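These notes are about the structure you will find just below.
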Amino acid sequence: MKFNLRTHNNGELRESHIGQRVVLNGWVDTRRDLGGVIFVELRDRFGFTQIVFEPSYNEQTHAEGKALRSEYVISVEGTVRKRPEGTENPAFPTGMVDVLVDRLIILNEAKTPPFAISDNVDASEELRLKYRYLDLRRPKIQKNLILRHKMYQATRRFFDENGFLEVETPVLMKSTPEGARDFLVPSRLHKGKFYALPQSPQQYKQILMVAGFDRYFQIVKCFRDEDLRADRQPEFTQIDVEMSFINQDFVFEMFEKLTKTLYKEVLGVDVQTPFLKLTYDEAMEKYGSDKPDLRFDLEMKTLNDVFGKSEFKVFKDAVESKGVITGLLAPGCGEYTRNQLDVLTDFVKKIGAGGLVWIRVKEDGIEAPVAKFFTDDEKKALVEKLGAKPGDLIFILSGKKYKTLGIMGSLRLEMARRLDMIKDDSEPKLLWVKDFPLFEWDDDTQRYYAMHHPFTSPRTEDILLMDTDPGEVKAQAYDLVLNGNEIAGGSIRIFDSELQGKMFKALGFTEEEAKEKFGFLMNAFQYGAPPHGGIAFGFDRLCMLFSGEKSIREVIAFPKTASAISLMDDSPSLVDDHQLKELHIKVR
RNA sequence: GGGGUCGUAGUUCAGUUUGGUUAGAACGCCUGCCUGUCACGUAGGAGGUCGCGAGUUCGAGCCUCGUCGGCCCCGCCA
C-alpha cells in the first residue's frame, strides 16, 4: 500500500508549525464524531496529535473518516492550524494546534481491542499479558521501557568511560551443582548430555580476569529455574561486572559512582556518597534483614544482656542455646486491642515464630501477660534499652539467632506499613551490607553451603576458622540495598588454588568432584590468576525501582506469569515426538 | 511443595451471606441524529459455557469435592 513517509511524529507539532503541510502516521487512539466534524487523536510512541475531518475543508476525506475506528493504522496529510480560540487543550504538548486532513489512507483496520489502549483503564494483568502487544502500546508501559533503554545507555557509557570492556559469554554452558536449579538444554549431537543456561556468567567472567581483561562488564540474561515473585523471573537481566587488582573498598567506590550516575542521568536525582555500610550481623540485629529498608527507623534491640539471668523459661532457653532475644518498639501502639495483638501474633507464627511477647508501656510501669516473670530491674532495663515511653508497645521474640531476627524484621516491616511509615516518594535509602557469613549450614543435607557462591573469598583474618569453625567465617561478600530491595551483590573471589581447595573441602566436595565440576576454572587459576572481584546488579529490579513500579513485569517487554508461563505465546508447550527423538529424550 | 486471594457480558465489577421468576450496572461495541470535541452529547440496539468437571438438591452463578488459570506470600532463589 502506497503512503507517504511522515514529516513529523505525533508529539512534535507546535504553534511554530502552523500553516505547514504535514504527513502523519499512527494509530487511531480516540474518535469523536460530531456528525458534521470528526476529531481523531492520532497516537504513536512520541505522543498524540488531534486531526480534524471537516466537510467544508474536504468533503470526500470527511466521508472517508466516518469509517475510522480505534487502533486503525492510518496515514494522513493535511495542514497544521491553530485551534480556534477556547478549544486549545493544554493537557497535550501538541494541544495548541490540530491538523486539517485532506488525504486519508487506511493502512490497516483493527479489531476492537479487548481493553482500551489507555493508562487509566484497568485491565487485569492476565488479559494484559495475553495481549501484550496491545498492552505495550499504552503510554505508561512505553515510558517504562524508554526508561529501561536510558538505563542501558547510561550503564554502557559509564563502563566505557571507566575502562571496562563488554564481552559476551556463552548461553549454553556446563551445569554446576551449587546454587539455583539449572535450566537444561539437551544435546542432539551428544546423546544423554545436557547444556545448562547460565545462572550467571560467574565462571566465565573470572576466567576473563585470568585472561587479563582486567575490567569486564556485560548486560546479560541469566536463568534460574526457581519459583517466581513480584521481583523475580526465571529469566532476568544482570549488569555483570568483574575487575582485577582491586579490593572490596575499591568495588564500593566504583559502584557507588555507577549508582550515583544512573540516578543523575536517568532520574535527575542527586544521591550522596559514600553509602552507609552495615555488616550482615548489624543489619540482622538492627533491622532483621540482610536488605534493610532504612526509609524509616524502628530499630530492633538485642535484649540478651537485659534478660541474661531471666527466669522466664522461653528467654532462658534462648540465652542458654546461644540464641537471641530481640525487641521492637512500636511507638504509640499501647492502645492496640487484644484482637489486633492476636492478629500480629498469628502473623509471626505463620512465618515460624513460637509466639509473640507484647508489653504495654504505662505511666507506672509495664502491663503484659508475661510481666509476672520479669524482675523490676529487668523491666526497668527493658524500657530504658528500647527508649520506651508511656503509650508505647513493645514486642519481643526469642529463639535461634538469624531466624528469630528475620521474623522480627518481618514484623518491623509490617508495623511500618501499619503505622504508614513507608512513603513512596521519600528519598532513596542506599546502603552496603557486607561481611556475610561464608557458609550456611543446611540441616536436611547435613553440610555447609556457600552463602554466596563457592568462589567467594573469606576475610583474610578468618581463613584459619575454615577448618575449626566454618559457621563463624565471614566472607568478602557484599550486597547493595535500595529501600529494602537487594539490587546488587558480589564478592572478592578466591584466586589461589590452595584456598579454593580448602573451600571445596569445607563444602564437602572430594577432590575428584571439585575437578569434575569446576576443573576448568581450577586449571585456569594455575596459570597466573590475578586477585579479582566483582558484582552483579539486578537490572530488572533496578528498572522497577527507578520507574516506581511494584513488579518487574512492568519493566520487562514480555514477562512470564507467577507460574512461569508466557500467556501471549503459550510457552512452555508440548513438542513433537520427532523433536524429542532427535534429542534422545523420553518424557515420563 | 505449602498458605492466602480472585475467576460472572468485549472490559471492570455487583449479585454468593440466606439456593428459587427473565443474572444486573458502568464503560466498550453496533445503528440513527448531531460542525469544535477532547470522559463529546443524544436516541436506540446487540452482547452471558457465571473458568472447567463431577456431586448434593425438586431446583445451583450461589452449597460440596476436584481441576485449571491470574495475583501475593512462605519454602526455594550460590
Side-chain angles (χ1 to χ4, degrees), chain A residues 29-41 48-57 59 62 66 69-71 81 83-92 94-95 98 100 111-118 120-131 134 176-182 198-200 202-203 222-234 236 346-347 349-352 406-407 410 413-414 436-440 442 444 448-456 475 477 486 489-491 503 507 517-518 536 538 550-551 553 560-563 565 567 570:
Chain A
D29 194 69
T30 52
R31 168 188 65 110
R32 290 180 290 275
D33 185 350
L34 274 61
V37 61
I38 303 168
F39 297 98
V40 165
E41 274 168 38
F48 299 85
T49 302
Q50 176 165 281
I51 60 176
V52 188
F53 297 81
E54 217 176 86
S56 64
Y57 179 69
E59 199 169 347
H62 173 260
K66 290 263 174 199
R69 293 294 181 272
S70 287
E71 300 310 313
R81 189 187 52 174
R83 291 196 191 186
E85 185 91 25
T87 65
E88 303 90 348
N89 186 349
F92 293 104
T94 60
D98 50 31
L100 266 178
K111 287 169 73 174
T112 302
F115 52 85
I117 311 301
S118 160
N120 44 29
V121 171
D122 281 336
S124 72
E125 194 166 0
E126 192 172 357
L127 202 67
R128 290 176 54 206
L129 291 178
K130 183 170 178 191
Y131 296 93
L134 298 179
T176 49
E178 297 286 281
R181 287 186 196 91
D182 282 326
Q199 298 174 24
S200 89
Q202 184 60 37
Q203 290 156 66
C222 301
F223 306 86
R224 292 174 192 176
D225 189 7
E226 297 292 347
D227 289 350
L228 293 83
R229 290 285 186 280
D231 62 353
R232 239 165 59 190
Q233 293 262 311
F236 60 100
D346 278 349
F347 175 82
K349 275 186 174 170
K350 263 188 194 149
I351 50 180
I407 294 167
S410 299
L413 285 177
E414 177 62 21
F436 278 80
L438 186 64
F439 299 108
E440 214 170 10
D442 180 63
D444 291 339
Y448 282 105
Y449 281 84
M451 192 158 178
H452 190 55
H453 57 56
F455 318 112
T456 302
E486 179 195 332
S491 64
M503 182 73 183
L507 293 173
K517 302 298 182 191
F518 307 107
K550 299 235 181 311
S551 160
R553 290 186 297 274
K560 304 262 188 294
T561 68
S563 59
I565 285 169
L567 293 175
D570 194 31

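Since this is a predicted model, take the numbers as computed values, not measurements. Protein chains get the first letters and strands the later ones, always in sequence-line order, with residue 1 at the start of each.
Note: CG (A/D182) to C1' (B/C76) measures 14 Å, nearest angstrom. Rounded to whole Å, atom P of B/C74 lies 8 Å from atom CZ of A/R232. In this structure, CG of A/L127 is placed 9 Å from C1' of B/G10, rounded to the nearest angstrom.
For the C1' atom pair drawn from B/U35 and B/A26, the interatomic distance equals 29 Å after rounding to whole Å. Comparing the same atom, C1', in B/C77 and in B/U5 gives a spacing of 24 Å after rounding to whole Å.
Dashed line: the shortest gap from a side-chain N or O of A/S124 to OP1 or OP2 of B/U12 is under 4.0 Å. For A/R31 and B/U37, the shortest distance from a side-chain N or O to OP1 or OP2 is not below 4.0 Å.
With B/G36, B/C77, B/C30 as the candidates, the nucleotide lying closest to the side chain of A/R69 is B/C30. Counting only heavy atoms from C-beta on, A/R229 has its side chain closest to B/C74 among B/C74, B/C71, B/G10.
The OG1 atom of A/T112 sits 10.0 Å away from the CD atom of A/E71 when rounded to the nearest 0.5 Å.
Among the protein residues, A/D98 comes within range of the nucleic acid bases, having at least one heavy atom under 4.0 Å from a base atom. Counting non-hydrogen atoms under 4.0 angstrom, A/S200 reaches a base of the nucleic acid.
With centres under 5.5 Å and a plane angle under 30°, the ring of A/F39 is stacked against the base of B/U37.
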